[in-house]
2 protein chains.
Amino acid sequence: MPGKQQRRPDDRPDEILDAATRVFAHMGFTAARMDDVAAQAGLSKGALYLYFKSKDALLDAVVTRYSDTVAAQLMDTLVQRARTDPVAAIEFLLEQGIAVATDPETTLVPRLVMSEAPRSPEIAALYRTKLLDTFEEAMAFVLNEGVRQGVFRQVRAASLMRALMGPILSHVLLTHVFTIPGSAALSPQVYLEDLKSILLDGLHLGEAA
Amino acid sequence: MPGKQQRRPDDRPDEILDAATRVFAHMGFTAARMDDVAAQAGLSKGALYLYFKSKDALLDAVVTRYSDTVAAQLMDTLVQRARTDPVAAIEFLLEQGIAVATDPETTLVPRLVMSEAPRSPEIAALYRTKLLDTFEEAMAFVLNEGVRQGVFRQVRAASLMRALMGPILSHVLLTHVFTIPGSAALSPQVYLEDLKSILLDGLHLGEAA
DNA sequence: TGTAAATAACTGACCAGTCAGTTAGTATAA
DNA sequence: TTATACTAACTGACTGGTCAGTTATTTACA
């Protein structure tokens, strides 16, 4: 019944991390069993311990792989755009964030981290230093460019980060966690439009287009 | 060593819920033991089962008590304010949200729900229907008043809810979950000021004060 | 004294981590 | 080429400990 066993030591670590990401995010780290991860990865439980020395180490590796990848990718493009057009950089960030929110798979790790961080200072610190701090730096850069080029008002980077991340975070939560099966979801296009308008021009009735 | 045992059946349920809230939020629902909850409530484990029929039922009760209380309280004041001054209602909401974010105890249940909802559709639905839906209704009311009185532009209530809740949510997370012990926190006053300015007047350099 | 409230010892299911044994793949040599 | 010896990947049964829920017993108080 189980496919013939194979020996593919090079592919295993990533496959195990993929499996662990799904299983941990789905069932929660504590409730997830190593047998579940093994089954998902098409491996026996014992083999898991050839590649990762404990369940905790596996969680660590999942978060590290994700954080490093995303931090490198997203931040590069963000800084690059900000140099020529800070407004476009902000809009790009919102577009990406909302696009990502549409795909459940992509939000697996952030949701897992939000679940586990409260009881694991180690995971919280990992995510903070590897991803959030980098993100705040990038926001500071975009903001400074905008102010320098005369298109943004002066606010603190930490505030801007929260004001931008937050609405995307709440959208992810309402879309993937607090969804009621029957209810109509807020369309990404519509939300993006509203969000750009609120964040860039404000809620006040003004003279902007 | 243990204080003399007492029989106070009227006070127990609330005391147990208080204890469970703290313990669940701190350790996570799955990892928390019923013995921990009992100890925190100053009771034996067996006694817990006189008041709640299972661990799940206890979690349910924790979330229900919180949601009902907050939904009733906050929404009343919000709707009342919006009638006379919609801008003040929004500012009040942000002030309250940020004030609450300062006190770890008050954010215990929302953080617990965020942790458990991904793996418990039941809890997610409870929180959604008892609290989030009510909140969205209140936002729709505030918004309509603002538009009617000519102080707000027209956006969707669902979008506004996400744009307001989100920045508070991210502030709570960065303050209580992803804090690095040594690092300087963003002061509530400063953040509130920035946030009002971004959400009401927009990030764009405009003609507003 | 009677009974509801509370306790603490107990049970059974569950699971992380281990390890003795099995199998796939590779090197050696006839 | 094919038999033989060897190594490293992999398996799954097992163990020690944990914990939700139960129950026999004790305690508080009307």
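Residue numbers start from 1 in every chain, and the chains themselves are labelled A, B, ... in the order their sequence lines are given, proteins ahead of strands.
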Name each donor-acceptor pair under 3.5 Å that joins a side chain in residues 162-173 of chain B to protein atoms two or more places apart or in another chain, with its distance.
residue	atom	partner	partner atom	Å
Arg162(B)	NE	His171(A)	ND1	3.1
Arg162(B)	NH1	Ala158(B)	O	3.1
Ser170(B)	OG	Arg162(A)	O	3.1
Ser170(B)	OG	Gly166(B)	O	3.3
Ser170(B)	OG	Pro167(B)	O	3.1
His171(B)	ND1	Arg162(A)	NE	3.1

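- The phosphate of dA5(C) has neither OP1 nor OP2 within less than 4.0 Å of any side-chain N or O from Tyr51(B).
- Spacing between atom CG of Leu50(A) and atom P of dG17(C) amounts to 14 Å, rounded to whole angstrom units.
- Judged by distance alone, the side chains of Arg119(A) and Ser115(B) do bring a donor and an acceptor atom under 3.5 Å apart.
- Under the 6.0 Å distance and 45° angle rule, Arg81(A) counts as a cation-pi partner of Phe92(A).
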Scan nucleotides 17-20 of chain D against the protein and return all N/O pairs shorter than 3.5 Å with their distances rounded to 0.1 Å.
residue	atom	partner	partner atom	Å
dC19(D)	OP2	Arg33(B)	NH1	3.2
dA20(D)	OP1	Ala32(B)	O	3.1
dA20(D)	OP1	Lys55(B)	NZ	3.3
dA20(D)	OP2	Met34(B)	N	2.9
dA20(D)	N7	Lys45(B)	NZ	3.0

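- Between the CG atom of Asp60(B) and the CZ atom of Arg65(B) there is a distance of 13.5 Å, given to the nearest 0.5 Å.
- Rounded to an integer number of Å, the gap from Leu48(A) CG to dG12(D) P is 13 Å.
- Note that CD1 of Ile16(A) is 8.5 Å distant from CE of Met34(A), once rounded to the nearest 0.5 Å.
- Put simply, the side chain of Arg7(A) and the base of dA8(D) share a donor and an acceptor less than 3.5 Å apart.
- Closest of all the heavy-atom pairs between Ala124(A) and Phe178(B) is O-CD2, 3.6 Å.
- In this structure, the separation between OH on Tyr66(B) and CG on Leu112(B) is 11.0 Å, given to the nearest 0.5 Å.
- Remark: the backbone N or O of Ile90(A) is not paired with any side-chain donor or acceptor of Lys196(A) at under 3.5 angstrom.
- Along DNA chain D, the nucleotide nearest Ser44(A) and the nucleotide nearest Gly46(B) are compared for position; the residue whose nucleotide lies closer to the 5' end is Ser44(A).
- Scanning residues 8-25 of chain B for heavy-atom distances under 4.0 Å to DNA chain C yields Arg8(B), Pro9(B), Arg12(B).
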